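Worksheet: the structure to be examined is printed underneath.
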Amino acid sequence: MQVALKIWRFDSSTGERALRDYEIDAPDEATLLDCLDIVKDKHDGSLAYRKSCRMMICGSCGMRMDGAAVLACKTRMYDIAQEGKIPVISAMGNLPIVKDLVVDMEPFWDKFKAIKPYLQPGYERPEDGKEYHIDQQRMNVIHKEALCINCGCCVSECNAMESDPEFLGPQALAKGMRFVGDPRDAATVERLEDYSQEHGIWECTRCFFCNERCPKGVDPRDAIAKLGAEAIANGVDRDMGAKHAKWFIRSTETTGWLRETELVPKTQGVVSSIKQMKFAINLAKHHKAGLEFPPHVAKHVKEARDLHKLVDKQDRQGALGIVQGEHALSKLTHAYDPSRDPYAPGSFPRPHLPSENDENKEGAA
């Protein structure tokens with residue numbers, strides 16, 4: 001197949017930047033990485049990019065296609081070529097470019113190291129001297145986070161990092177959740193204290209681009225939400241973001257709605273609220289602030305309250321509650337039916353039997 005590419009070339013030593021066009025002949029099964037290899041081998045040997053495993057494991061070949069982060073070895077080019085599209089390939093965002101599609105990963109690894117990505121054991125050895133067993137429910141909390149391959153695609157698309165380069169970022173915080181959620185780790189509160197500082201958990205803008213672009217389904221934004229829930233559950237709630245989340249929960253439990261008029265006093269305090277009175281009055285003039293008294297209560301508020309009671313009864317505070325919600329949403333998405341037998345006829349494609357070919361040949365004869 002014929003593949004056309006536009007590649008942003010850049011040399012940090014000279015500051016030169018140029019968009020170059022390439023047209024190549026590639027096999028139908030080629031990935032973006034295969035196409036880059038063809039460009040480098042047959043058209044322009046000066047093209048720079050990273051690669052290693054070619055199997056979506058090492059995370060080396062992260063880059064942008066049409067402004068969105070991808071793994072080059074995962075991105076198939078057949079459909080793109082058949083549609084006649086000419087994708088624009090560029091280096092990942094939020095990291096300094098060294099040359100062409102190669103970025104400096106040192107800031108990435110510095111933030112990774114900052115979250116202390118190693119177990120700090122605090123458990124007693126099993127009496128039988130064998131391995132430490134963790135029940136499946138606890139492993140479910142960190143299952144997705146353990147899939148991270150450190151490719152940097154989430155960091156490339158992070159809006160919070162673009163506005164604040166000091167923000168720890170989705171990859172580092174997802175890795176942090178992997179250790180916070182591990183029952184063998186003895187530094188849970190210490191970690192949550194560190195992650196709740198300035199440039200930490202509560203600076204995430206919740207744009208969900210990291211979830212959208214993660215090639216391995218880690219969903220870093222969900223990991224950050226788990227960290228926030230764990231922080232509140234462990235009493236690490238001094239940050240304004242934590243206070244905001246706590247009031248949101250309390251408000252929905254009591255009225256079924258977010259009582260916005262009480263949000264500022266509950267999260268920023270009385271003094272800050274007084275300073276913002278002019279802004280609040282302006283909102284009220286434009287009917288942007290609900291001033292009902294007593295506060296409006298949702299018609300089916302009992303359902304919200306029952307949900308809170310159920311979470312308390314099942315002891316699903318913190319990250320466990322989020323994982324339970326993820327499982328419920330997944331079942332709804334896939335039309336889960338507990339009465340359906342997963343091994344019933346029709347659940348799997350019928351296997352090919354060699355004898356059928358013999359019968360077909362006899363029939364043809």
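Note that this is a predicted model, so its numbers are computed, not measured. The residues of the chain are indexed from 1 along the displayed sequence.
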Is it true that a side-chain atom of [X] and a backbone atom of [Y] form a donor plus acceptor pair closer than 3.5 Å?
X	Y	result
T255	T252	no
N94	V155	yes
E16	D11	no
N234	V236	no

Please table the atom pairs, donor to acceptor, closer than 3.5 Å between any side-chain atom in residues 109-121 and protein atoms at least two apart or in another chain.
unit_1, atom_1, unit_2, atom_2, d
K111, NZ, P165, O, 2.4
K111, NZ, F167, O, 2.8

Are D182 and R191 ion-paired here, with the side-chain N under 4.0 Å from a carboxylate O? no
Excluding sequence neighbours, so at least two apart, what forms salt bridge (charged side-chain N to carboxylate O under 4.0 Å, His left out) with K302? D306
State yes or no: do [X] and [Y] share one hydrophobic cluster built from I, L, V, M, F, W and Y residues joined by side-chain heavy-atom distances below 4.5 Å, directly or via other members?
X	Y	value
L36	Y22	yes
V3	I38	yes
I201	L168	yes
M105	V102	no
L47	L5	yes

Give me the atom names and distance for the closest heavy-atom approach of [X] to [Y].
X	Y	value
G59	L71	CA-CD2, 4.2 Å
G122	A186	CA-CB, 3.3 Å
R138	G181	NH2-O, 3.8 Å
C214	P220	CB-CD, 4.2 Å
V141	A319	CG1-CB, 3.7 Å
D237	A242	CA-CB, 3.6 Å

Pair Y49-L33, side chain to side chain contact (heavy atoms under 4.5 Å, CB included): steps then yes or no: CA-CA 9 Å; Y49 53 94; L33 182 57; 3.8 Å; yes
With sequence neighbours excluded, give me every salt bridge (Lys or Arg N to Asp or Glu O under 4.0 Å) pair touching [range].
range	result
residues 38-50	R9-D44
residues 151-164	R64-E157
residues 196-219	K144-D219

Count the heavy atoms belonging to other residues, nucleotides or ligands that lie under 6.0 Å from [atom1] of [X], then report whether that count exceeds 12.
X	atom1	result
E23	CD	no
R250	CZ	no
W257	CH2	no
H143	NE2	no

Are Q317 and D312 linked by a side-chain donor-acceptor pair shorter than 3.5 Å? yes
Can you tell if the side chain of [X] reaches within under 4.5 Å of the side chain of [Y], non-hydrogen atoms only?
X	Y	result
D185	V180	no
M63	S156	no
V323	Q137	no

I would like to know whether K175 and N150 meet side chain to side chain contact (heavy atoms under 4.5 Å, CB included); could you show each step before the answer? CA-CA 9 Å; K175 283 292 187 180; N150 303 318; 3.3 Å; yes
In a table with atom names and distances, give each donor-acceptor pair under 3.5 Å that connects a side chain of residues 76-92 to protein atoms at least two apart or in another chain.
unit_1, atom_1, unit_2, atom_2, d
R76, NH1, E29, O, 2.5
E83, OE1, K85, NZ, 3.2

